[in-house]
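The structure displayed is predicted, hence computed values, not measured ones.
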Amino acid sequence: MEPYILGITGASGAIYAHRLLRHLKELGAEVHLVLTEHGRQVLAFEGHKEMLDEADKVYRNDDLFAPIASGSYRHRGMIIAPCSMATLGKIAHGIGDSLLARAADVALKERRRLIILPRETPMHAVHFRNQAILSDLGAVIMPPNPAFYLKPKTIEDLVDTVLARVLDHLGLDHPVSRRWREMGADER
Ligand SMILES: Cc1cc2nc3c(=O)[nH]c(=O)nc-3n(C[C@H](O)[C@H](O)[C@H](O)COP(=O)(O)O)c2cc1C
């Protein structure tokens with residue numbers, strides 16, 4: 001089966017990447033990672049370094065000879081979680097000078113699935129414009145804004161309210177998080 005590509009940048013929220021990797025693995029998928037230098041640092045700082053051993057492959061971000069740098073390489077979709085404003089800006093302007101940015105650029109030009117979880121707060125107009133550019137190019141912009149109406153009890157539950165929607169957008173059947181219609185009448 002073709003893999004999913006998971007890009008990780010230096011925005012806060014490595015837990016989104018870690019749990020997404022685990023959910024995809026539990027669904028039997030192959031997952032390849034590509035991390036920016038700051039992505040590696042923030043991921044380690046937030047306590048998720050072990051996820052690097054859970055992936056099927058981890059590319060070096062300076063390895064522009066890696067297969068995912070080419071439009072001829074087939075994958076099932078790329079997710080960037082979390083996505084920093086710096087990387088968002090790069091991708092929005094076609095700057096493919098790292099493997100992560102190049103792979104995202106390739107996903108856009110090949111009209112492949114590209115899902116971006118941009119994380120910053122507050123945002124200024126350039127952040128919004130870059131998201132609009134990427135949305136116009138076909139990327140799905142999914143800010144990691146958890147849903148509280150599902151009554152999450154743990155941080156993992158909260159994170160999963162976002163990841164359930166990501167898995168939906170990847171077209172996967174999954175048991176992650178509840179859906180609105182699954183809530184009991186007494187909970188509404
Ligand atoms: C602990 C920590 C948290 C950060 N959180 C964010 C964030 O949520 N969003 C963001 O855009 N940048 C954040 N940054 C700044 C980015 O890491 C920085 O802009 C970096 O250049 C991004 O590079 P990259 O896109 O190549 O990973 C954070 C930095 C640190 C050290």
State which residues pass salt bridge (Lys or Arg N to Asp or Glu O under 4.0 Å) with E54; sequence neighbours excluded, sorted by chain then number. R22
Looking only at heavy atoms, the pair that brings A17 and A81 closest together is CB-O, 3.2 Å
Is I95 atom CD1 crowded by more than 12 heavy atoms from other residues, nucleotides or ligands, each under 6.0 Å away? yes
Could you pull out the closest heavy-atom pair between A69 and V106, with the gap in Å? O-CG2, 3.4 Å
Heavy-atom nearest pair, H174 first then A164, reads NE2-O, 3.2 Å
Between Y59 and I68, does the side-chain contact (heavy atoms from CB on, under 4.5 Å) criterion hold? Intermediate values first, please. CA-CA 9 Å; Y59 296 106; I68 60 171; 3.6 Å; yes
Pairs touching residues 62-104 that satisfy ring-ring contact (aromatic ring centres under 6.0 Å, His included), sequence neighbours left out: none
Donor-acceptor pair, H127 side chain versus H124 backbone, under 3.5 Å? yes
Could you tell me whether the side chain of V166 reaches within less than 4.5 Å of the side chain of M142, counting heavy atoms only? yes
For a side-chain contact (heavy atoms from CB on, under 4.5 Å) check, start with the C-alpha distance between I80 and L100, then their side-chain angles and the critical distance, and finish with the verdict. CA-CA 9 Å; I80 306 178; L100 191 153; 4.0 Å; yes
Test of understanding: with side chain to side chain donor-acceptor pair (under 3.5 Å), list the residues that count as partners of T121, not counting sequence neighbours. none
Yes or no on side-chain contact (heavy atoms from CB on, under 4.5 Å) for L43 and L35, after CA distance, side-chain angles and deciding distance? CA-CA 9 Å; L43 176 126; L35 298 91; 4.2 Å; yes
What residues form a side chain to side chain donor-acceptor pair (under 3.5 Å) with R165, not counting sequence neighbours? D168
Looking at residues at least two apart in the chain, or sitting in another chain, which of them share a side chain to side chain donor-acceptor pair (under 3.5 Å) with S135? none
Taking only residues two or more places apart in sequence, or in another chain, which ones meet R19 in a salt bridge (Lys or Arg N to Asp or Glu O under 4.0 Å)? D160
Any side-chain heavy atom of M51 within less than 4.5 Å of one from I8? yes
Taking salt bridge (charged side-chain N to carboxylate O under 4.0 Å, His left out) as the cut-off, I'd like each qualifying pair that reaches into residues 77-101, sequence neighbours left out, listed once. K90-D97
Hey, mind stepping through V140 and I116 against side-chain contact (heavy atoms from CB on, under 4.5 Å) and telling me if it holds? CA-CA 6 Å; V140 178; I116 297 178; over 6 Å; no
Any salt bridge (charged side-chain N to carboxylate O under 4.0 Å, His left out) pairs touching residues 62-72, not counting sequence neighbours? R60-D62
Short question: side chain of E46, backbone of G13 - any donor-acceptor pair under 3.5 Å? yes
Tell me, with the steps shown, if D157 and K151 meet salt bridge (charged side-chain N to carboxylate O under 4.0 Å, His left out). CA-CA 9 Å; D157 288 348; K151 315 225 167 134; over 6 Å; no
Could you tell me which residues satisfy salt bridge (Lys or Arg N to Asp or Glu O under 4.0 Å) with R119, sequence neighbours excluded, listed by chain and number? none
Measure from the side-chain N and O atoms of R112 to the backbone N and O of G71, and report whether any donor-acceptor pair falls under 3.5 Å. yes
Polar side chain donor-acceptor pair, S84 to E120, under 3.5 angstrom: no
Donor-acceptor under 3.5 Å (T161 side chain, L158 main chain): yes
Does any N or O in the side chain of H23 come within less than 3.5 Å of the main-chain N or O of L163, such that one atom is a donor and the other an acceptor? no
Which salt bridge (charged side-chain N to carboxylate O under 4.0 Å, His left out) pairs, counting each pair once, include a residue from residues 2-17, with sequence neighbours left out? E2-R74
Considering residues, nucleotides and ligands other than D173, do more than 12 of their heavy atoms fall under 6.0 Å from its CG? no
Under the salt bridge (Lys or Arg N to Asp or Glu O under 4.0 Å) test, residues paired with K109 that sit two or more places apart: none
Of all residues at least two apart in sequence or in a different chain, which pass the side chain to side chain donor-acceptor pair (under 3.5 Å) check with E37? Q41
Between H32 and E30, does any side-chain donor sit less than 3.5 Å from a side-chain acceptor? yes
Would you find a donor on one side and an acceptor on the other, under 3.5 Å apart, between the side chain of N130 and the backbone of L88? no
